[in-house]
**Student:** 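Could you have a look at this structure, given as structure tokens, before my questions?
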There are 2 protein chains.
Amino acid sequence: MATDMTLINRSAVDLVELLKIGAVSPHDLLKALEARIAEVDGAVNALPTLAFERARAAADALLALPVPERGALCGLPVAIKDLTEVAGVRTTYGSPIFKDFVPESSDPLVERLEAEGGVVYAKTNTPEFGAGANTFNEVFGATRNPCDTRLSAAGSSGGSAVALKTGTAWLAHGSDLGGSLRNPASFNGIVGLRPSWGRVATDPGQEITGRLSVEGPMARTVEDVALFLDVLCGEDVRDPMSLPKPATPFLTQARSGWRPARVAWSADLGITPVDPEVAEITRRAALRFGELGAIVEEAHPDVSEAHEAFQVLRARSFAISKKELLDTRADLLKPEVIWNIEQGLKLTCADILRAEHQRAAMYRRMLSFFGTYDLICTPATIVAAYPVENRYVAECNGVTFGNYVEWLAIAYAFTLCGCPAISLPAGYTRDGRPIGLQIVARPRDEGRLLAAAMALEQVLGLNTGLAVDPQVRHL
Amino acid sequence: MATDMTLINRSAVDLVELLKIGAVSPHDLLKALEARIAEVDGAVNALPTLAFERARAAADALLALPVPERGALCGLPVAIKDLTEVAGVRTTYGSPIFKDFVPESSDPLVERLEAEGGVVYAKTNTPEFGAGANTFNEVFGATRNPCDTRLSAAGSSGGSAVALKTGTAWLAHGSDLGGSLRNPASFNGIVGLRPSWGRVATDPGQEITGRLSVEGPMARTVEDVALFLDVLCGEDVRDPMSLPKPATPFLTQARSGWRPARVAWSADLGITPVDPEVAEITRRAALRFGELGAIVEEAHPDVSEAHEAFQVLRARSFAISKKELLDTRADLLKPEVIWNIEQGLKLTCADILRAEHQRAAMYRRMLSFFGTYDLICTPATIVAAYPVENRYVAECNGVTFGNYVEWLAIAYAFTLCGCPAISLPAGYTRDGRPIGLQIVARPRDEGRLLAAAMALEQVLGLNTGLAVDPQVRHL
């Protein structure tokens with residue numbers, strides 16, 4: 001049966017309206033997804049675990065309710081990253097240790113999503129424990145870039161980005177420690193938003209406060225990302241960092257017509273090499289804020305301690321959350337994960353306090369910078385998609401990196417300060433690889449960030465919201 | 001000039017109404033305070049730094065505005081703990097290092113308070129850097145308990161509690177790492193509320209996320225505490241942990257008439273000795289929730305790791321915030337502060353991850369306990385006021401403590417889980433020393449906690465809101 005591409009190519013915002021008036025049913029959407037997955041997912045491996053039976057039961061349960069009780073998503077299917085637990089659905093964390101793990105209960109964010117009428121039908125592929133920005137693991141193998149399946153999908157929310165690009169998802173959830181909602185958005189030409197700390201309440205695991213990582217929305221358009229953030233966000237006592245829902249929904253804020261007056265542009269934040277072509281594509285995209293009435297200037301906050309602070313705080317998090325696995329299952333951990341935990345265990349309190357001081361200083365400078373500029377624009381990634389076989393980017397523009405995360409500094413500099421940051425499709429390299437513009441706002445300012453990104457999206461005119469067929473080249 | 005005790009003995013809630021209709025002016029209140037301070041503060045030393053000139057200028061500025069623009073406090077004077085910076089007013093932190101320090105800008109909470117028409121007129125005494133639960137320091141000496149000036153005022157918000165009890169404040173600000181809003185409330189017979197993490201945004205210092213300490217309100221009645229919390233709370237981007245104001249003001253929530261259905265009582269949480277007389281007074285007070293329709297049962301969550309986790313996480317915080325002082329000014333630090341920083345610097349990441357794991361486990365058990373019980377009641381302190389010369393409680397009921405903070409476990413067990421906790425006057429020992437009942441709610445549940453505390457306050461009938469004259473006995 002041919003896939004109903006008119007459904008696949010609709011926006012999530014439109015589909016919710018159609019669901020509300022009964023013009024489509026959740027079952028129509030699930031059917032369209034199932035057919036599309038059968039067509040394209042074999043070439044990209046974005047959705048290694050499917051849960052259509054569970055999804056159909058959830059859809060039936062929703063349809064038994066009157067429309068006003070079906071929640072904001074009213075039966076729209078949603079894909080969940082495989083680092084996040086969904087009751088009754090295999091959750092592997094991309095790790096052989098958990099290859100057969102089926103949790104009994106769902107993460108709080110999944111509960112919230114389901115309460116809002118989101119229907120979970122698939123888990124999206126991720127690197128082992130989300131470590132690394134290329135989506136491959138020993139359980140399911142690699143996820144491939146649909147623009148050219150010889151290339152990496154980036155990560156760690158790679159499966160989600162690829163599902164969106166290939167039209168096997170309208171909304172796909174992701175998470176972001178060092179850029180994992182943004183890199184795959186950049187490499188695959190979709191939209192990924194890293195929200196502020198606490199915006200999306202989740203199971204805090206072993207680190208109930210002070211986590212660097214966040215959960216967040218990915219979609220094909222900024223408006224769909226805003227809709228998704230509205231259902232993901234909200235207070236939950238199980239997550240001590242969680243924030244209440246905003247007084248004005250993010251979708252309303254995204255549509256508010258707010259425009260930035262002053263935008264900063266930086267190709268490198270002074271801390272990283274960058275591919276010149278990528279710098280040029282994203283610079284041109286940033287400059288187009290000028291057409292929206294903004295002054296765009298080359299400037300950036302001083303984030304020179306980002307490398308050191310991030311390595312320490314990230315290693316601490318890994319040690320807190322994974323030491324037990326190192327003690328008991330080291331044989332089943334990939335080298336990057338072992339390295340992270342071991343780096344963490346070597347830390348002294350003096351190392352940690354130095355990193356905390358660096359971060360506090362960066363945070364203050366960042367706020368002061370946002371006193372002058374409404375937004376900061378940078379490339380979302382310093383390179384476009386690279387061969388899928390490479391575990392990470394080892395060098396750029398003649399600079400060799402010291403470890404497998406350093407190439408992500410342009411993203412993690414903002415992680416350290418809890419800034420919301422979006423990756424918006426900015427253009428293509430000469431050989432056709434997408435690249436994202438990272439737009440960053442002051443902490444807690446997702447509303448303005450979304451409004452600005454939506455306006456720029458329209459100016460750029462790249463974001464058609466259409467699914468693409470995987471480009472299977474020379475495999 | 002005799003003090004106008006009719007003003008002094010009014011509640012803050014009443015005075016705000018009188019200020020709004022112009023029946024009293026901020027200047028009347030400042031005058032009453034100045035006279036009362038002259039009468040009584042010499043005996044107790046609660047307010048070592050006064051700022052009446054600045055206060056009168058602030059009052060004049062407020063009076064130049066129309067009433068609706070004077071904020072929720074409309075000119076009510078407020079005292080600020082001497083660990084918190086007020087622009088142009090000496091802030092010593094109780095440390096000889098800062099004995100002449102006059103900050104140029106105010107802490108965000110002071111800014112918020114002033115924007116709501118709070119008029120700052122005094123700084124309240126505190127132990128050096130807030131370390132310890134007895135209020136004495138090398139700059140200003142000891143604050144004494146007004147019920148018997150031979151006794152300790154507790155601390156670290158000791159000056160604030162004593163100012164309230166002696167009628168030199170209607171609202172006094174405090175902060176709480178290991179119980180510092182609760183111990184002095186208990187020892188002095190007033191009300192102190194430790195809010196949830198993030199409720200009161202403040203300058204985060206060097207630890208922008210994950211802090212254990214919070215800022216909070218103290219007053220003579222629960223209703224005044226609720227009013228004060230409403231003006232202290234609110235989002236501020238400078239504090240990444242901060243929460244937006246609640247949809248319903250806390251004062252409204254306090255007056256909602258909500259009553260607990262099930263209340264747990266524990267004299268010791270299974271982790272601390274307790275003075276039998278204190279246990280008995282507070283047990284009787286807790287049982288009176290029965291008169292409000294609640295089932296009161298002896299039960300407590302398992303917080304057995306509280307000692308170890310608190311020592312580690314507290315030492316980490318001290319190291320992060322104070323290492324620089326140890327490096328440069330150790331000669332001017334008191335031994336307890338040096339000990340804390342040194343304990344912190346000795347920590348390894350393995351120590352910290354163990355403490356984080358313990359805390360995460362306690363947090364989960366705490367939430368599960370609050371699935372069964374609406375509130376937990378304990379003594380706010382395990383003893384009543386002790387001689388002011390003792391630096392801390394060295395033993396209780398035959399048990400000797402290992403260090404100067406262990407006697408505070410009944411308070412810091414809840415610090416670790418971010419629970420809001422109030423100390424409410426529960427009664428007096430046979431020799432006339434006040435003792436507080438600690439009532440604890442689920443994280444973020446200040447509204448219900450205040451409603452329950454207000455109801456119990458009425459049943460107990462102890463909280464007259466009246467100022468007392470210091471009992472100067474055998475000094």
Side-chain angles (χ1 to χ4, degrees), chain A residues 196-198 203-212 235-247 312-313 315-324 343-364 366-367 370 416-418 442-445, chain B residues 196-198 203-212 235-247 312-313 315-324 343-364 366-367 370 416-418 442-445:
Chain A
S196 303
W197 290 318
D203 180 342
Q206 301 281 25
E207 205 183 354
I208 65 168
T209 63
R211 298 185 306 284
L212 290 174
E235 193 167 29
D236 190 307
V237 73
R238 288 169 289 183
D239 182 350
M241 294 178 78
S242 69
L243 296 170
K245 282 193 185 289
V312 169
L313 297 175
R316 178 185 67 175
S317 281
F318 261 93
I320 290 172
S321 62
K322 304 281 179 310
K323 177 181 182 290
E324 225 173 293
Q343 290 296 106
L345 292 173
K346 276 184 216 157
L347 296 172
T348 64
C349 187
D351 298 325
I352 290 170
L353 80 85
R354 188 176 151 83
E356 291 281 5
H357 286 199
Q358 290 171 330
R359 182 158 73 129
M362 279 174 56
Y363 188 79
R364 285 180 171 80
M366 189 70 80
L367 289 192
F370 280 117
L416 287 165
C417 294
R442 222 167 66 139
R444 307 282 173 99
D445 236 357
Chain B
S196 304
W197 290 318
D203 180 342
Q206 301 281 24
E207 205 181 356
I208 65 169
T209 64
R211 297 185 307 283
L212 289 175
E235 193 168 29
D236 189 306
V237 72
R238 289 170 289 183
D239 183 350
M241 293 177 79
S242 69
L243 295 170
K245 281 191 186 290
V312 169
L313 298 174
R316 178 183 67 174
S317 280
F318 261 93
I320 290 173
S321 63
K322 303 282 179 307
K323 175 180 183 291
E324 227 172 292
Q343 290 297 107
L345 292 172
K346 276 184 216 155
L347 295 172
T348 64
C349 188
D351 297 326
I352 290 170
L353 80 85
R354 188 175 150 83
E356 291 281 4
H357 287 198
Q358 289 170 331
R359 183 159 72 130
M362 278 174 55
Y363 189 78
R364 286 179 170 79
M366 189 69 79
L367 290 192
F370 280 116
L416 287 165
C417 294
R442 223 168 66 139
R444 307 282 173 98
D445 236 357

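The basis for the numbers below is simple: all heavy atoms, side chains too, and nothing from hydrogens, waters or symmetry mates.
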**Student:** Specify which of B/Arg211, B/Arg364, B/Glu324 makes the most heavy-atom pairs with chain A at under 4.5 Å.
**Tutor:**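 Highest number of heavy-atom pairs under 4.5 Å: B/Arg364.
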**Student:** Find the one option among B/Thr209, B/Leu345, B/Asp445 whose heavy-atom pairs under 4.5 Å with chain A are most numerous.
**Tutor:**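 Top option by heavy-atom pairs under 4.5 Å: B/Thr209.
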**Student:** Can you tell me which of B/Gly205, B/Pro204, B/Ala247 forms the most heavy-atom pairs within a distance under 4.5 Å of chain A?
**Tutor:**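 Of B/Gly205, B/Pro204, B/Ala247, B/Gly205 has the most heavy-atom pairs under 4.5 Å with chain A.
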**Student:** Counting only heavy atoms closer than 4.5 Å, note whether A/Leu367 contacts chain B via side chain, backbone, both or neither.
**Tutor:**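 Contact with chain B is through the side chain of A/Leu367 alone.
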**Student:** Working to the nearest 0.5 Å, report the span between CG of B/Asp203 and CD1 of B/Ile208.
**Tutor:**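 If we round to the nearest 0.5 Å, B/Asp203:CG and B/Ile208:CD1 are 11.5 Å apart.
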**Student:** Out of curiosity, A/Trp197 CH2 to A/Leu212 CG, how far, rounded to the nearest 0.5 Å?
**Tutor:**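 The CG atom of A/Leu212 is 6.5 Å from CH2 of A/Trp197, to the nearest 0.5 Å.
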**Student:** Any donor-acceptor pair under 3.5 Å linking the side-chain atoms of A/Ser321 with those of A/Glu207?
**Tutor:**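 Per modelled atom types, A/Glu207 and A/Ser321 side chains form no pair under 3.5 Å.
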**Student:** To the nearest 0.5 Å, how far apart are CZ in B/Arg354 and CG in B/Leu347?
**Tutor:**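 Rounded to the nearest 0.5 Å, the CZ-CG separation comes to 12.5 Å.
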**Student:** With a 4.5 angstrom heavy-atom cut-off, is it the side chain or the backbone of B/Ser196 that approaches chain A, or both, or neither?
**Tutor:**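 When you check distances to chain A, no heavy atom of B/Ser196 falls under 4.5 Å.
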**Student:** What pairs with B/Glu235 under salt bridge (Lys or Arg N to Asp or Glu O under 4.0 Å), at least two apart in sequence or on another chain?
**Tutor:**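 In terms of salt bridge (Lys or Arg N to Asp or Glu O under 4.0 Å), with neighbours along the sequence ignored, B/Glu235 is linked to A/Arg444.
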**Student:** Looking at chain A, which one of B/Gly418, B/Ala315, B/Pro240 has the largest number of heavy-atom pairs inside 4.5 Å, strictly under?
**Tutor:**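 Among B/Gly418, B/Ala315, B/Pro240, the one with the most close pairs to chain A is B/Pro240.
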**Student:** Side chain, backbone, both or neither: which part of B/Ile352 has a non-hydrogen atom closer than 4.5 Å to chain A?
**Tutor:**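 Contact with chain A is through the side chain of B/Ile352 alone.
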**Student:** According to salt bridge (Lys or Arg N to Asp or Glu O under 4.0 Å), who are the partners of A/Arg238, at least two apart in sequence or on a separate chain?
**Tutor:**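 Listed in chain order: A/Glu111, A/Asp236.
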